[in-house]
2 protein chains.
Amino acid sequence: MAGLPQIAQPTRPDRIPPGTRDPSELLIFPVDDNAVTDRVHACYTCATFRTMLPAQRHPTMADVAERAGVSVSTVSRTLRGLSTVSDEARAKVEAAARELSFVISRQASSLVTGKTGTVAVLAPTLGSWFVGQVLRGLSEVLRDAGLDLKVYSVADLAERAAFFDQLPARRNADALLVISFDLTEEEFARLDGLGVPVVYVSQHAPGRASVYVEDVAAARGGTRYLRGLGHRRIAFVRAAPDSGFTCSSRTRLFGYREALAEAALPYDEDLVVATSRGRRATAEAVGQLLCLADPPTAVFAETDEIAIEVLSVLRSSGIAVPDRLSVLGFDDHDHAEWLDLTTIAQPAVEVGRASGTLAHTLIDDPTADATRHVVLPTHLIPRGTTGPVPQSAPEPKRESESAQP
Amino acid sequence: MAGLPQIAQPTRPDRIPPGTRDPSELLIFPVDDNAVTDRVHACYTCATFRTMLPAQRHPTMADVAERAGVSVSTVSRTLRGLSTVSDEARAKVEAAARELSFVISRQASSLVTGKTGTVAVLAPTLGSWFVGQVLRGLSEVLRDAGLDLKVYSVADLAERAAFFDQLPARRNADALLVISFDLTEEEFARLDGLGVPVVYVSQHAPGRASVYVEDVAAARGGTRYLRGLGHRRIAFVRAAPDSGFTCSSRTRLFGYREALAEAALPYDEDLVVATSRGRRATAEAVGQLLCLADPPTAVFAETDEIAIEVLSVLRSSGIAVPDRLSVLGFDDHDHAEWLDLTTIAQPAVEVGRASGTLAHTLIDDPTADATRHVVLPTHLIPRGTTGPVPQSAPEPKRESESAQP
DNA sequence: GTGAAAGCGCTAACAT
DNA sequence: ATGTTAGCGCTTTCAC
């Protein structure tokens with residue numbers, strides 16, 4: 001692991017305002033505006049505020065018991081809310097615990113109960129909108145259930161392999177939630193043998209507990225909606241498949257194809273393009289579509305984040321939305337409303353909540369149906385980026401061709 | 001806690017394709033497109049895929065020792081990488097551990113070492129862009145350090161109070177990271193007595209370990225930049241202060257005021273407006289600014305997310321950016337580039353990395369400087385939403401006043 | 001209703 | 001270099 005950067009020797013200012021707390025005065029380090037390098041500073045004015053506290057031992061149940069004048073067993077029973085404790089003893093224990101700021105050690109109790117009081121979640125990244133929303137719902141439910149939340153993320157294939165090889169969650173969580181992973185059979189098998197319940201989030205895992213929205217039906221509905229506006233040439237922009245982390249591409253593309261088939265529209269592979277993160281890739285993908293002999297009049301993006309990139313590219317190219325090209329997203333990202341993006345909303349927070357609830361159920365009740373599926377609804381939100389197909393499909397106008405009058 | 005929703009009785013389709021794995025065929029539940037209610041489904045085709053595995057006991061070190069024909073101590077030493085193990089014994093232990101898929105129980109080892117191998121983080125929400133980026137950097141560093149990451153989030157003031165009352169992280173983590181909280185003195189005091197190192201992230205905590213970007217200098221620089229474009233009436237749009245969760249409003253506003261003062265520009269309270277999440281609040285805030293007798297020619301938004309809302313409102317009002325109004329953000333959110341938003345970039349992922357590194361240092365070395373500050377740089381990225389001040393500050397044009405020629 | 005004692009799985013000190 | 005032993009802080013019998 002990389003160590004901390006070296007401590008830079010701060011140029012001592014002429015006068016150090018003693019004991020000041022105003023943030024503007026505290027920030028007296030020689031930090032250039034717009035500097036390019038990072039550094040570590042000793043904080044002059046801060047150092048006086050606090051002398052190091054001696055590392056103190058956390059109080060244990062024995063401490064509480066002694067103070068309350070009861071046995072450790074009684075403390076344990078009281079704190080777990082068992083009814084076999086007299087009111088008198090309970091009061092004494094609660095008072096003692098409060099006075100000592102006693103907090104139970106999950107490590108110790110888990111050793112004997114076999115429960116860790118923790119739920120682990122595995123996600124491809126912690127930085128995406130969807131994962132963030134799922135975690136929000138999840139943490140809310142787990143907090144109410146008295147469970148802690150541990151997160152594992154794997155950034156690339158090597159880390160992914162390492163995770164499935166070692167399964168660090170194995171003995172250190174009561175359940176594992178896997179968010180939005182396109183798993184191989186081997187990985188499924190590995191998790192099947194994990195020894196704790198596994199809940200698959202945002203994906204349909206055959207024969208295993210899953211929570212997801214009906215991507216296929218939603219994408220079918222979205223494509224039908226575009227068809228209803230008169231569009232016949234509908235493009236699909238998907239995330240780059242190389243990451244291997246998302247399974248929504250597959251399902252949403254499937255729904256798209258179904259809706260085309262319903263209307264006897266051909267599935268044209270030229271209309272399906274992939275983009276990876278970053279504006280360049282999206283610009284290329286969009287360019288590819290617009291250069292087709294028979295270009296699309298509508299674009300269905302796999303996620304709102306992709307749709308927003310597409311909008312951005314279209315705007316800077318001067319292509320009118322929705323007059324010349326309609327754009328449909330998926331997610332109802334916060335920014336979708338602000339950008340007036342038509343999208344298929346999915347209840348991401350609710351997906352998190354349902355996952356947490358399901359995990360909690362499976363933990364508490366080992367006889368619960370471990371193959372239960374929770375399917376959450378989606379709904380289309382028509383906004384301003386979609387409109388009727390242009391009356392006469394115009395030849396794709398290229399700048400070099402259009403002469404000024 | 002709310003229970004799981006009732007299992008809906010699925011209408012059995014005419015034919016259940018047996019053993020199929022194609023996702024489209026699996027999704028045979030009566031899920032209406034765009035349905036409004038959620039439900040739980042039993043998955044017909046899935047149930048056949050897997051018979052419940054009996055709950056199996058996790059192998060312990062004793063199991064590994066027995067299989068390897070050595071003592072438990074040797075297993076422990078081997079797995080911890082101590083050098084006092086013969087190659088022969090090491091090989092046998094590693095083989096046995098692998099065969100049994102042994103995973104060490106942190107619970108048990110932490111009981112004796114006093115270390116949990118876990119770092120806890122407290123965040124106001126898990127759904128914001130900044131927190132997500134910080135968590136990305138953090139998890140990367142912690143993974144390399146062999147530490148697990150536990151997250152606590154508090155959604156409202158009641159939960160916040162409960163957290164500081166109980167301090168659930170107390171005995172269950174080796175360090176606590178507090179992200180972007182505006183803490184009271186009482187809360188600081190409570191954390192000072194936590195018994196484990198605390199790192200304050202995205203905030204300057206006097207006398208305590210902190211990692212942050214220099215908000216004051218950055219905001220000063222951003223405001224100077226707008227001044228350099230000729231702007232004299234510069235508005236500041238901040239997040240609603242009622243949440244009490246962010247401390248960036250205070251510091252960034254301070255830098256803004258400093259830059260005004262440098263140029264002897266007056267600080268006009270009418271130019272500082274607050275907005276909460278949601279487009280309506282932003283629309284009102286922007287409206288307030290545009291209705292001023294002497295309206296601003298530039299807007300500095302506390303975050304990119306706010307700036308994007310502002311842009312959206314301006315666009316739908318037909319107010320040209322930057323011709324009539326310049327907009328400056330803060331963060332360099334992913335969407336900022338797509339939207340061509342001028343912004344002050346902060347290295348959010350790097351903030352997470354540095355926090356994790358600092359926490360790791362403080363855990364491993366109790367004598368390390370617990371008041372160390374890491375200050376990371378910011379830089380301004382000029383893009384298309386900022387431009388020179390309009391030549392002659394025009395009277396604010398109101399639709400009712402402008403007559404058609 | 002309460003306490004004493006055993007032991008969860010591991011590490012650390014000691015003995016060999 | 002390896003095995004033996006004594007706990008870490010808690011829960012859980014089992015007596016009382």
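Letters A, B, ... are given to chains in the order of the sequence lines, protein chains preceding strands, and every chain is numbered from 1.
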Please report the interatomic distance CG(A:L147) to CD1(A:I363), rounded to the nearest 0.5 Å.
5.5 Å

First and last nucleotide of DNA chain C, 5' to 3', lying under 4.0 Å from heavy atoms of chain A:
C:dG1 to C:dC10

Would you mind telling me which residue lines up with the more 5' stretch of DNA chain C, B:V75 or A:V85, judged by nearest nucleotide?
A:V85

Nearest to side-chain heavy atoms of A:S76, which nucleotide of D:dG7, D:dT11, D:dC10:
D:dT11

Is there a side-chain contact (heavy atoms from CB on, under 4.5 Å) between A:N172 and B:Q107? Walk through the geometry before answering.
CA-CA 7 Å; A:N172 302 297; B:Q107 333 297 323; 3.2 Å; yes

Specify the separation, in whole Å, of atom NE2 of A:H58 and atom C1' of D:dG9.
13 Å

Does anything in residues 86-104 of chain B come within less than 4.0 Å of DNA chain D? Heavy atoms only, and list the residues if so.
B:S86, B:A89

Under 4.5 Å between any side-chain heavy atoms of B:V93 and B:V70, yes or no?
yes

For B:S73, answer base if it contacts any base atom (sugar-phosphate contacts may also be present), sugar-phosphate if it contacts only those atoms, and nothing otherwise; contact means non-hydrogen atoms under 4.0 Å.
base

Is the base of D:dG9 touched by the side chain of B:R171 through a donor-acceptor pair closer than 3.5 angstrom?
no

Between A:L82 (CG) and D:dC10 (P), how many Å, whole number?
15 Å

Could you tell me whether A:V72 contacts a base, only the sugar-phosphate backbone, or nothing, with contacts defined as non-hydrogen atoms closer than 4.0 Å?
base

To the nearest angstrom, the CZ-C1' distance between B:R80 and D:dT2 comes to 14 Å

Quick check: do B:L126 and A:S139 have side-chain heavy atoms less than 4.5 Å from each other?
yes

Using atom CD of A:Q107 as one end and atom P of D:dT11 as the other, report the distance to the nearest whole Å.
12 Å

Please report the distance, rounded to the nearest Å, between CG in A:D63 and C1' in D:dC10.
13 Å

When all nucleic acid strands are considered with a 4.0 Å heavy-atom cut-off, which category describes A:T113: base, sugar-phosphate, or nothing?
sugar-phosphate

May I ask you to verify if any side-chain N or O of B:T74 is less than 4.0 angstrom from the OP1 or OP2 atom of D:dG3?
yes

Measure the OG1-CZ distance between A:T361 and A:R372 for me, rounded to the nearest 0.5 Å.
7.0 Å

Are A:F102 and A:V75 packed together at the side-chain level, in the sense that at least one heavy-atom pair is separated by less than 4.5 angstrom?
no

Between B:L111 (CG) and D:dG7 (C1'), how many Å, whole number?
9 Å

Are any side-chain N or O atoms of B:D63 and backbone N or O atoms of B:T60, one a donor and one an acceptor, separated by less than 3.5 Å?
yes

Could you tell me whether A:R190 and A:E187 make a salt bridge, using a distance below 4.0 angstrom between a side-chain N and a carboxylate O?
no

Take the protein atom CG of B:N172 and the nucleotide atom P of D:dG9, then report the distance between them rounded to whole Å.
13 Å

The complete set of side chain to side chain donor-acceptor pair (under 3.5 Å) pairs with one or both residues in residues 86-100 of chain A, sequence neighbours excluded, reads A:R67-A:E99

